[in-house]
Amino acid sequence: MAKKYKEYSGLNLPAVASEVQAFWEANNIFEKSISSRSDDKTFVFYEGPPSANGLPGIHHVMGRTIKDIFCRYKTLKGYKVNRKAGWDTHGLPVELGVEKELGITKEDIGKKISIEDYNKACREAVMKYTDIWNKLTQQMGYWVDMEDPYITYENKYIESVWYLLKQLYNKDLMYKGYTIQPYSPAAGTGLSSHELNQPGCYRDVKDTTVVAQFKAKKSGAIKDVEGDVCFMAWTTTPWTLPSNTALAVGPKIEYVLVKTFNQYTHLPIQVILAKPLLEKQFAGKYELSESLEYKEGDKKIPYQVLKSFVGADLVGIQYEQLLPYALPFENADKAFRVIPGDFVTTEDGTGIVHIAPTFGADDAKVAKEAGVPGMMVLNPEGNPVPLVDLQGKFVAQAGELAGKFVKNEYYPAGQEPEKSVDVEISIKLKTENKAFKVEKYEHSYPHCWRTDKPVLYYPLDSWFIRATQMKDRMVELNNTINWKPKSTGTGRFGNWLENVNDWNLSRSRYWGIPIPVWTSEDGSEQICIGSVEQLKDECAKAVKAGVMKSNPLETFIPGNFTKENYNILDLHKNFVDQITLVGASGKPLKREADLIDVWFDSGAMPYAQWHYPFENKELIDNNKAYPADFIAEGVDQTRGWFYTLHAIATMCFDSVAFKNVVSNGLVLDKNGSKMSKRLGNAIDPFQTLDKYGPDATRWYMISNAQPWDNLKFDLDGITEVQRKFFGTLYNTYQFFALYANLDGFSYKEVEVPLNDRPEIDRWIISKLNSLVKAVDAHWADYEPTKAARAIQDFVGEHLSNWYVRLCRRRFWKGEYSTDKIAAYQTLYKCLEVVSQLSAPLAPFFMDQLFKDLNEVSGRHKVESVHLSDFPTFNEKEIDLDLEQRMELAQSFSSMVLSLRKKYKIKVRQPLQKIMIPLLGIDPAQVYAIKDLILSEVNVKELYFEDESASIFIKKIKANFKSLGPKYQKSMKQIAAAISKFNQQDIATLEQDKAYSLDIEGEKIILTLEDVEISTDDIPGWAVATEGGLSVALDTTISSSLKEEGIARELVNRVQNLRKDKNFDLTDRIQLKIQKVEGIVEAIHNNKTYICSEVLANDIEWVAAIGADGQEVEVDDDLKTTISITKLN
RNA sequence: AGUCUCUUAGCUCAGUUGGUUAGAGCGCUACACUGAUAAUGUAGAGGUCCGCAGUUCAAAUCUGCGAGGGACUACCA
């Protein structure tokens, strides 16, 4: 017996997924999808490593669906797509997790717990959730090679990173410098921006603020002003005033010179500040006054505006140092000047900004640009340091402030002085006539999340990568990358590159990749290590020179890449910090204490995942696995992973790291708020996959919104996809399977030539080819949403709602004829192709569909849809004319049905004729679909009415698209004139193909193209108009039509009865009907039709029917009783 | 604060180079069909296209200024 198509008792998507999953595993389908493709045609994909330290969320399903789609698609297109999984294992979250678990803090490291044990704990903790991640990967159908992932903490990985760092070092792209970073003196550690963004870090505090007066040295714009002139600058951190080395003004801001009196010393003063802030600063007791009479004790202090300038005029003017405790150790002559600053605003303060380059990031930046030094002094060892030390105390050079903490919060509890440094300085300035105003001010200021004490912005030593130097090349290379969406590449990423800063590599942490640089104490000698082999050699030298007792890498064998060999070392801090190397002149070299930014880890993955260049050198050098053809991550990675990949590739390889990149948006909850555990609106990916199945979940996520838009994730949306798309497709398959099994169709017959198939078959085949063409282009173009929607539309609208619905009869009626075979072949083909087109997105369901079909037909010699070849479209099978006329058929049908509805004539009641006016349509087009329309709307005849026939009432409208460009300004009058046309005018225009209009004395010739003419009404007919098409329906029901209607009703009732009685489709019956007035004629005249429809041999009229009879209504208020019996 | 992004029906989204009646699905209401039946179809109601100003004969669409949501980066005297 021939194989049967599998029939199902219901659609259970989660069950489908687990069955197919089991099938994949049992038959190694994933491996085969790679191994079956040739090495010559590869598609390179990079997996952005997730941190196994956190749990996966629903957004990971989103991101990974996108990755999976294009990898699977390329596989179908014949590419070999290797996908190595990876784990991001370093970083602060891991450290914090471990500290929480062990109940320790950073201070305990090296004391309560050794760095070695600490790192060991991190190493174990970080892989804690790998099982859960693997489960998600498997359950959602994400194909990635989890067997052999790259792991960023492995020695081989680190060795590759070191290699890259050394390249940068050798190219002089790495340097050590200082930068202003958030720093917690109480904790003695720098803080990352991540730490500063912890909730509760920014708090409103009340600080003493000072508007200080900086006495100008007269030159430039103020050269000729009599008397002393001061710049006014406001600060919320008076303790930074001793470190002031510049004042910044906005070049375009207007400033004024004001004459007034100091409120504390009552001495006359002349000050400069921004004009927009004049009233704010001179509020309260100050008053604009003609006379400048003032003595101590007066309630009001008068002031006058003497002069105004723009900021640019002030730039370059020098001033006397406000608090001359110390001078910058270098370039002191360049200090104490007015410099330009773009960031200066006139929102608050004075419009002149006090610049202390050692304690502000912006300050450092503008000072550097202007060539102004920061207040760095030399410590007893001769090293430059700021005026405040790492504990937050002033250094010796700070005069009477020396030894004091800059904030009272830093003193041990109970030891705070009564007056904080801020207050002390304020008082000093007041008495010295240098303070214009001192007041408390409330503002938000960051606090250390661990010590609860305010953060300082402090210059810290860091290693940098000279990204600024490579900016132009990075921009150039970026222009060759295909970004989805484009705006992220040009906008967010492009701007980021344009304004790129040097990359701060340093992190003062424990669990990460150590900077492989060893330096002598005086900084004169330095080695950067680029491999374990080199480290071993240098260690040997160090042992020889006597700076180290033994070589910890003694047993390491260079060139041996076995696990065993690499397991004898650990390239983490605990191990490498034990190593002292030796410089050329014999000085001992110590490793720089810092670790590198974990973003470097992940940006190095293209090379480090292959242990480049120690192993697999050719993969990179010969561009076999580099650069990536495709990567995808969330848009939040733009300045993260996308950037680090790009930067490293540009700097080390002068190449892009990826050619195509999809940056997807966020997954929000259904109200558009961010998902978070705290709000309890986070969606559990496992529950979702369990309940709805991966296919529907994936399909929903991709079809609902473009990947780069945020997705408002709503579970009801998945239900809809389930019902609407998968349900419909499932039903279509079930329908096919039901009849194909009855007829034994297994696609063994020769293909019925397209020309021998009916119009509707050629139509759906044409549609199918168009679909293949479109979907192929969408997948290739990284437009998954468009692909999904196109498929959805095809399945729902064209295949199910139109093709199957209209063709149902062909499947169950009659012999196993050519026409029937054509129908099966057509529907089969559609289902098969749909399964292939959709397989990248709905891998489980589509594989089942494909296999269910293929197992009977054996058309494909592969076990799985994922091993098949993507369908090709045949341009010759696309018939746009046909597609267009089918649309016409659909429109006409819809209009007629709408008319039936309006006139309350049910579809089962046959009607005699419809008429279509030949206005703007090709009769041949409509003629070809005549039968289709007629059967769809149950009407007997269709004919065309020539446009010259006078029964139409026509409507005319201006065609703006055609008239607009030609007449522009006169458009409105023309349109108005056209709308006033009467039937005669329209006829004239149609006849002469032209019509002359007179608009404001100008003659305008209208052609037929300039207007749209449609039918408005046909008297005596029911008329429907839609989008320029009209159709008229004859609603007359003659007696013979009425009889037919009754016959049809009867057939319908009998069929229902057959079904109720569970008769087989092919059972013949005996039909008894109770003789009732009004139906005899109708049934008699349609007897043959009735009998053939219900498979009755004859109709037996009876006077009354017994208990087995069924009363039925065949027309309004027209009832009879019938009974049927099976004939054997 | 800067950069990017989004805002169209109750909800989720389409809407080509500007062209005059702004579309679909879901939901809702009404109905039909009953040999795909826990399926299917049809029709109807439903809109200040976020606001304002501008360009244009013509703006959901282009420009500017705002508002709101979101992300990232930075953090301010």
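The figures that follow rest on heavy atoms only: side chains count, while hydrogens, waters and symmetry mates do not. A note on names: the letters A, B, ... follow the listed sequences, proteins ahead of strands, and every chain is numbered from 1.
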Between [M] and [N] - [atom1] atom distance, rounded Å:
N     : M     : atom1 : answer
B/G19 : B/C62 : P     : 11 Å
B/G15 : B/G41 : C1'   : 27 Å
B/G51 : B/C31 : P     : 37 Å
B/A22 : B/A9  : C1'   : 11 Å
B/A1  : B/G18 : C1'   : 35 Å
B/A30 : B/A36 : P     : 27 Å
B/C13 : B/C50 : P     : 14 Å
B/A59 : B/C49 : P     : 13 Å

* Begin from the C-alpha positions of A/Ile180 and A/Tyr458 and carry the test side chain to side chain contact (heavy atoms under 4.5 Å, CB included) through to its verdict. => CA-CA 5 Å; A/Ile180 312 300; A/Tyr458 194 86; 5.9 Å; no

What nucleotide among [options] has an atom nearest to a side-chain atom of [X]?
X        : options             : answer
A/Tyr457 : B/A36, B/C76, B/C6  : B/C76
A/Arg789 : B/A36, B/U73, B/A14 : B/A14
A/Tyr739 : B/C13, B/G70, B/A36 : B/A36
A/Lys712 : B/A36, B/U12, B/C6  : B/U12
A/Trp496 : B/A36, B/U73, B/G70 : B/U73

* Which residues share a side-chain hydrogen bond (donor to acceptor under 3.5 Å, both in side chains) with A/Tyr803, sequence neighbours left out ->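 So A/Tyr803 forms a side-chain hydrogen bond (donor to acceptor under 3.5 Å, both in side chains) with A/Asp761.
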
* To do: Please name all residues satisfying side-chain hydrogen bond (donor to acceptor under 3.5 Å, both in side chains) with A/Gln281, sequence neighbours left out, ordered by chain then number.
  =>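 If we apply the side-chain hydrogen bond (donor to acceptor under 3.5 Å, both in side chains) test to A/Gln281, skipping adjacent residues, the hits are A/Lys437.
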
* What's the spacing between A/Leu711 CG and A/Gln706 CD if we round to 0.5 Å? ->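 So the CG of A/Leu711 and the CD of A/Gln706 are separated by 12.0 Å.
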
* Quick one: pull up CD in A/Glu797 and OG1 in A/Thr728 and give me the separation to the nearest 0.5 Å. =>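 Between A/Glu797 CD and A/Thr728 OG1, I get 9.5 Å after rounding to 0.5 Å.
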
* To do: Kindly say if A/Arg805 contacts the phosphate of B/U40, meaning a side-chain N or O under 4.0 Å from OP1 or OP2.
  =>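 Checking B/U40 against A/Arg805, no side-chain N or O comes under 4.0 Å of OP1 or OP2.
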
* Given B/U42, is OP1 or OP2 found less than 4.0 Å from the side-chain N or O atoms of A/Asn801? ->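 Yes.
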
* Asked: Do NZ/NE/NH1/NH2 and the carboxylate oxygens of A/Lys440 and A/Asp207 come within less than 4.0 Å?
  ->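 Here A/Lys440 does not pair with A/Asp207 in a salt bridge, since their nearest N and O are not under 4.0 Å apart.
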
Categorize [X] for me: base, sugar-phosphate, or nothing, with a 4.0 angstrom heavy-atom threshold over every strand shown.
X        : value
A/Thr209 : nothing
A/Arg809 : nothing
A/Gln792 : nothing

* Asked: In chain order, what residues pass the ring pair (Phe, Tyr, Trp, His ring centres under 6.0 Å) check against A/Trp496, with sequence neighbours excluded?
  ->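 Per chain and number, A/Trp496 pairs via ring pair (Phe, Tyr, Trp, His ring centres under 6.0 Å) with A/Tyr643.
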
* Asked: What residues, two or more places apart in sequence or in another chain, satisfy ring pair (Phe, Tyr, Trp, His ring centres under 6.0 Å) together with A/Phe725?
  ->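 Once residues adjacent in sequence are excluded, the partners of A/Phe725 under the ring pair (Phe, Tyr, Trp, His ring centres under 6.0 Å) criterion are A/Trp699.
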
* **Residue closer to the 5' end of RNA chain B, A/Gly727 versus A/Thr236 (nearest nucleotide)** =>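 Counting from the 5' end, the first nearest nucleotide belongs to A/Gly727.
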
* To do: By nearest nucleotide on RNA chain B, pick out whichever of A/Leu711 and A/Trp708 is the more 5' one.
  =>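 Result: A/Trp708.
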
* Cut-off 3.5 Å, side chains only: do A/Asn12 and A/Tyr730 have a donor facing an acceptor? ->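 Result is no, nothing qualifies.
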
* To do: Return yes if the base of B/A39 and the side-chain atoms of A/Thr728 contain a donor-acceptor N/O pair under 3.5 Å, otherwise no.
  =>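 When only heavy-atom distances are counted, A/Thr728 does not reach the base of B/A39 through any donor-acceptor pair under 3.5 Å.
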
* Where does RNA chain B form stems of at least three consecutive Watson-Crick or G-U wobble pairs, each pair having both distances below 3.5 Å? ->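 Looking at RNA chain B, the stems formed by three or more consecutive pairs are B:1-7 with B:67-73, B:10-13 with B:23-26, B:28-32 with B:40-44, B:50-54 with B:62-66.
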
* Looking at the rings of A/Tyr700 and A/Phe713, which for Trp means the six-membered one, are their centres under 6.0 Å apart? ->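 For A/Tyr700 and A/Phe713, the ring centres are under 6.0 Å apart.
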
* A/Phe493 and A/Phe642: aromatic ring centres closer than 6.0 Å? ->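 No; A/Phe642 has its ring centre 6.0 Å or more from that of A/Phe493.
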
* Base, backbone or nothing for each nucleotide of nucleotides 24-30 of chain B, written B, S, -, heavy atoms under 4.0 angstrom, 5' to 3'? -> -SSS--B

